[in-house]
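In each ligand, atom 1 is the first atom listed, and ligand 1 is the first ligand listed.
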Amino acid sequence: MSDDAMKLVVVGAAGRMGQALIRLIHATDGVTLHAAVARLGSAFIGKDAGEIAGLGPIGVPVTDDPLSAFLHAEGVIDFTTPATSVTFAGLAAQARIIHIIGTTGCSDEDEAKFKAAARHARIVKSGNMGLGINLLSVLVEQAARALPSNDWDIEVLEMHHRHKVDAPSGTALLLGQAAAKGRGIDLSDNSTRVRDGHTGPRPTGAIGFATLRGGGVVGDHSVIFASESERLTLSHNAGDRSLFARGALQAALWARDKKPGLYSMLDVLGLATH
Ligand SMILES: NC(=O)C1=CN([C@@H]2O[C@H](COP(=O)(O)OP(=O)(O)OC[C@H]3O[C@@H](n4cnc5c(N)ncnc54)[C@H](OP(=O)(O)O)[C@@H]3O)[C@@H](O)[C@H]2O)C=CC1
Ligand SMILES: O=C(O)C1=N[C@H](C(=O)O)C[C@H](O)C1
């Protein structure tokens, strides 16, 4: 390990993404696992983080003390729950360290708290840390700009594994935002998040969402542009979680020389159009 390796904390260390991150950090030059944090009362406290991630022992015991974990770290990578990420945003801002947030299902109030924390911290937050989806969002924005809303309806379809607790997915909302931006409209005023029963006809210009859950699907997303006579579908399928972990590490390294602020993966990847 080199002396200037970036010291990273993984919170939610025993989770699906936490384990993927521990494996990737262990295999990547230029970063090192400084600490691994799990929930107070978790059965994983005191266990070796490498053992949990299937690597064998790496000498990093899982802790329930985020404050000590953040103290001498340079960044924290956080795929947990909205309330947890809000708490960690406050602690990361106090410690003046980089906070990479992949957690989805956050409310507007949560987002306001991340924005406040970003006055002191470098935060990169995205509903999807992968290159493919972020590029797709640029294409969706372009397509939505080019296809007139009186002729073309937009539907966002997503499928995830049976354990997922939020809907629509963070990625579906990110793609919906990109479509709304292309159309020059506000997503919150122009979306249909669920349909059930006698819904009446589709409102012109609405961006619709549909959610499927089942099995072990890592993450499938399609944005469908439908007119009376043709249909254009832009799709992405995630093969495994390491792609999200790679994006999160890229974000942490990118943020190293940045000023405090709330950044997205589009900023990290140089795809932002603003
Ligand atoms: N942006 C992106 O690219 C991606 C985002 N995600 C998002 O990341 C989040 C996590 O996903 P996933 O890994 O599948 O979920 P998991 O449920 O597998 O992992 C979440 C982990 O966070 C832990 N946790 C909860 N509360 C705390 C706390 N207070 N302190 C420390 N740890 C805590 C949980 O512990 P316990 O089980 O003990 O409660 C669990 O281990 C979701 O919001 C998901 O949508 C996922 C993949 C990619
Ligand atoms: O919960 C997941 O698993 C995933 N969550 C993110 C989302 O909500 O879009 C990203 C990815 O699709 C996997």
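Looking at Val10 and Ile25, their side chains come closer than 4.5 Å, going by heavy atoms from C-beta outward. When side chains are defined from C-beta on, Ile101 does not count as touching Phe88, because their heavy atoms never get closer than 4.5 Å. The side-chain heavy atoms of Met265 and Val268, taken from C-beta on, include a pair separated by under 4.5 Å. Contact of the Pro57 side chain with the Glu51 side chain is registered, since non-hydrogen atoms from C-beta on lie closer than 4.5 Å. Side-chain contact check for Ile123 versus Tyr263: every heavy-atom pair is 4.5 Å or farther apart.
Polar contact with ligand 1: present for Arg39 (N/O pair, distance under 3.5 Å). Residue Gly170 has at least one N or O atom closer than 3.5 Å to an N or O atom of ligand 2. At under 3.5 Å, not a single nitrogen or oxygen of His161, backbone or side chain, sits near a nitrogen or oxygen of ligand 1. At under 3.5 Å, a nitrogen or oxygen of Gly127, whether backbone or side chain, sits near a nitrogen or oxygen of ligand 1. Checking only distances, His160 does come within under 3.5 Å of ligand 2, N or O to N or O. Between Val37 and ligand 1, not a single N/O pair is under 3.5 Å apart.
Proximity of a side-chain donor or acceptor of Asp48 to a complementary backbone N or O of Gly59 within less than 3.5 Å is detected. Formation of a donor-acceptor pair under 3.5 Å by the Glu158 side chain with backbone atoms of Ala172 is not found in this model. Ser191 contributes no side-chain N or O that, together with a main-chain N or O of Arg193, makes up a donor-acceptor pair within less than 3.5 Å. Counting only distance, with no hydrogens or angles, the side chain of Thr32 and the backbone of His34 share no donor-acceptor pair below 3.5 Å. The backbone N or O of Ala179 sits nowhere less than 3.5 Å from a side-chain atom of Glu141 that would complete a donor-acceptor pair. In this structure, Arg23 contributes its side chain and Ala53 its backbone to a donor-acceptor pair below 3.5 Å. Using a distance-only test at 3.5 Å, with no hydrogens or angles considered, no donor-acceptor pair links the side chain of Thr103 to the main chain of Pro82. A donor-acceptor pair is defined here as one N or O able to donate and one able to accept, closer than 3.5 Å; no such pair exists between the side chain of Arg183 and the backbone of Ala180. Side-chain N or O atoms of Ser227 include none that pairs as donor or acceptor with a backbone N or O of Trp152 at under 3.5 Å.
Ligand 1 places these atoms under 4.0 Å from at least one heavy atom of Asn128: 1 (N), 2 (C), 3 (O). Of all atoms in ligand 1, numbered sequentially from 1 with element shown, those under 4.0 Å from a heavy atom of Gly102 are 1 (N), 2 (C), 4 (C), 5 (C), 6 (N), 7 (C), 8 (O). The contact set between ligand 1 and Met17, taken as ligand atoms under 4.0 Å from a residue heavy atom, comprises 13 (O), 46 (C), 47 (C). In the vicinity of Ser169, heavy-atom distances shorter than 4.0 Å reach the ligand 2 atoms 7 (C), 8 (O), 9 (O). The distance from ligand 1 to the heavy atoms of Ala14 drops below 4.0 Å at these ligand atoms: 41 (O). Near Phe88, the atoms of ligand 1 lying under 4.0 angstrom from a non-hydrogen atom of the residue are 30 (N). Taking every non-hydrogen atom of His221 and a distance limit under 4.0 Å, the qualifying atoms of ligand 2 come out as 12 (O).
Under 4.0 angstrom from ligand 1, the non-hydrogen atoms of Lys164 all belong to its side chain. The proximity of Thr84 to ligand 1, defined as any non-hydrogen pair under 4.0 Å, is limited to the side chain. Heavy atoms of Thr171 found under 4.0 angstrom from ligand 2 belong to the backbone as well as the side chain. Counting heavy atoms under 4.0 Å from ligand 1, residue Ala83 does not touch it at all. Here Ala38 has backbone heavy atoms under 4.0 Å from ligand 1, and that is the only part of it that gets that close. At a 4.0 Å heavy-atom cut-off, ligand 2 does not touch Arg16 at all. Heavy atoms of Phe244 found under 4.0 angstrom from ligand 1 belong exclusively to the side chain. Contacts between Glu158 and ligand 2 below 4.0 angstrom, taking non-hydrogen atoms only, are absent altogether. Heavy atoms of Val218 found under 4.0 angstrom from ligand 2 belong exclusively to the backbone.
In terms of protein heavy atoms, atom 3 (O) of ligand 1 is closest to Met129 N, 2.9 Å. Remark: minimum distance from atom 5 (N) of ligand 2 to any protein heavy atom is reached at Lys164 NZ, 3.2 Å. Summary of contacts: the protein heavy atom closest to atom 23 (C) of ligand 1 is Gly12 CA, 3.7 Å. In terms of protein heavy-atom proximity, atom 4 (C) of ligand 1 is nearest to Phe79 CE2, 3.4 Å. Of the protein's non-hydrogen atoms, His161 NE2, 2.7 Å is the one closest to atom 3 (O) of ligand 2. Of the protein's heavy atoms, Arg16 NH2, 3.6 Å lies nearest to atom 15 (O) of ligand 1.
By the definition of a contact as any protein heavy atom under 4.0 Å away, atom 31 (C) of ligand 1 is in contact. Within the 4.0 angstrom cut-off, atom 37 (O) of ligand 1 has no protein heavy-atom neighbours.
The shortest heavy-atom distance from Thr103 to ligand 1 is under 4.0 Å. The shell of residues lying under 4.0 angstrom from ligand 1, judged by heavy atoms, includes Ser126. Within the structure, ligand 2 has Gly127 among the residues with a heavy atom less than 4.0 angstrom away.
When the options Thr81, Thr80, Thr87 are ranked by their closest heavy atom to atom 42 (C) of ligand 1, first place goes to Thr80. Scanning Thr171, Thr104, Asp78, Leu243 for the heavy atom closest to atom 44 (C) of ligand 1 points to Thr104. Taking only non-hydrogen atoms, the option from Cys106, Ala248, Gly247, Gly15 nearest to atom 41 (O) of ligand 1 is Gly15.
Crowding of Asp29 atom CG: a count of heavy atoms from other residues, nucleotides or ligands under 6.0 Å not exceeding 12. Heavy-atom neighbours of Lys7 NZ from other residues, nucleotides or ligands within 6.0 Å: at or below the threshold of 12.
Both Leu131 and Val218 belong to a common hydrophobic cluster when Ile, Leu, Val, Met, Phe, Trp and Tyr are linked at side-chain heavy-atom distances under 4.5 angstrom.
Of the N and O atoms on the side chains of Ser137 and Asn134, not one donor lies less than 3.5 Å from an acceptor on the other residue. Side-chain contact annotation: Asp65 with Thr63, donor-acceptor N/O pair under 3.5 Å absent.
Across every non-hydrogen atom of Cys106 and Lys125, the tightest pair is SG-CE, 4.1 Å.
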